[in-house]
Structures are given as structure tokens and as C-alpha cells.
Undergrad: 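I have a structure here, written as C-alpha cells, and I will follow up with some questions on it.
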Amino acid sequence: MALYSEKVMDHFKNPRNVGTMENADGVGEVGNAKCGDIMKIYLKIDDGIITDVKFETFGCGSAIASSSMATEMIKGKPLSEALQLTNKAVAEALDGLPAHKMHCSVLAEEAIKAAVKDYYDKNGIKYDEKLFGSCDSCCHECEI
Ligand code: FES
């Protein structure tokens with residue numbers, strides 16, 4: 001069996017929503033202390049809905065595929081739904097990642113959360129700090 005699913009290869013070779021965004025409403029950047037990879041997510045938010053999303057990832061193929069899939073999964077969704085997105089859901093949507101690459105999908109979850117938090121902070125919107133606690137399968141490798 002191939003190490004990477006066809007979906008991982010597709011999102012790695014043809015990543016969706018790559019780029020930066022001028023006047024983004026929320027920006028989140030996270031890094032993995034171990035491998036040094038960095039992911040940045042930009043959100044355009046209208047009335048609590050993510051109307052556009054872009055990402056820049058300096059990282060491995062799994063991190064790029066995870067970013068691409070994660071941005072597709074939150075586009076057009078309410079912020080509350082985006083905050084529920086777990087790295088496991090991203091990996092499942094990619095038809096799986098090798099176990100030693102699961103931490104790469106964590107970057108996507110954390111970058112989205114950081115971007116939403118940035119939006120809340122910039123707009124003085126109150127939130128429950130617990131929403132931005134450790135991710136679903138925290139490996140304590142992320143730096144926010
Ligand atoms: Fe660093 Fe994949 S090896 S994010």
C-alpha cells in the first residue's frame with residue numbers, strides 16, 4: 001500500500017486556497033518546534049461566516065495537504081464550526097496520514113484556531129479561553 005493516499009497526493013500537488021490575503025479579518029501563524037515547519041492561515045469573515053480563506057505553509061507535503069484540506073473544510077462555514085475542526089477530521093478527510101505524520105495535521109487545526117482567536121481579539125469579541133486550549137490530540141509540539 002502506498003504511504004500516502006491519493007487525496008493527500010492531490011492536495012499536496014494541487015493545493016487549494018494557497019496565498020496571502022490583504023486586509024484579512026483574522027490571521028493565525030503556528031510552528032512546529034521539532035521540525036521547524038510553519039503554517040499561516042488568513043480568514044475573511046462576514047457576519048460570523050468564513051467567506052474566504054488562504055494559507056501559506058512552509059513545511060512538508062503532509063502539512064501542505066492538511067492545510068489545503070482544512071481550508072476547504074472551513075470555507076463558507078460559521079466560526080463555531082471552524083473551531084470544532086480537529087486534526088483527526090482533517091486526516092480522515094485526506095483518507096488518512098501515516099502515524100508519524102499526524103502531527104503535521106495538528107498545525108492546520110492550531111493555525112485555524114489562532115486565526116479565529118486573532119479575529120475575536122481584534123474585534124473585542126468575548127470568548128471562552130477553553131476553546132483555544134490544546135487540540136484534540138495534543139502532541140505539545142506547536143508554538144502559538
Ligand atoms: Fe513538520 Fe510535517 S514534518 S509539519
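We use all heavy atoms of the structure for the numbers below, so side chains are in, but hydrogens, waters and symmetry mates are not. Here the structure is a predicted model, which means the values were calculated and not measured. Note that ligands are numbered from 1 as they come in the structure, with each ligand's atoms numbered from 1 the same way.
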Undergrad: Taking only residues two or more places apart in sequence, or in another chain, which ones meet Y127 in a ring pair (Phe, Tyr, Trp, His ring centres under 6.0 Å)?
TA: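 Ring pair (Phe, Tyr, Trp, His ring centres under 6.0 Å) check on Y127 returns Y120, F132.
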Undergrad: Under the side-chain contact (heavy atoms from CB on, under 4.5 Å) test against L43, which residue among I74, D118, D52, D25 passes?
TA: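 Filter result, single survivor: I74.
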Undergrad: Are the side chains of F12 and S62 in contact, using a 4.5 Å heavy-atom criterion?
TA: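 No; the side chains remain at least 4.5 Å from each other.
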Undergrad: Can you see whether D95 engages S5 through a side-chain donor-acceptor pair at a distance of less than 3.5 angstrom?
TA: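 There is no such pair between these side chains.
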Undergrad: Near atom 2 (Fe) of ligand 1, which protein N/O/S atoms fall under 2.8 Å?
TA: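 Within the sphere that stays under 2.8 Å of atom 2 (Fe) of ligand 1, the protein atoms of type N, O or S are C60 SG, C104 SG.
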Undergrad: Using a side-chain heavy atom cutoff under 4.5 Å and only I, L, V, M, F, W and Y, what cluster partners does M21 have?
TA: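 Taking Ile, Leu, Val, Met, Phe, Trp and Tyr as members, M21 shares its hydrophobic cluster with V27, Y42.
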Undergrad: Restricting to side-chain hydrogen bond (donor to acceptor under 3.5 Å, both in side chains), what partner residues turn up for K13, sequence neighbours left out?
TA: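 With neighbours one apart ignored, the set is empty.
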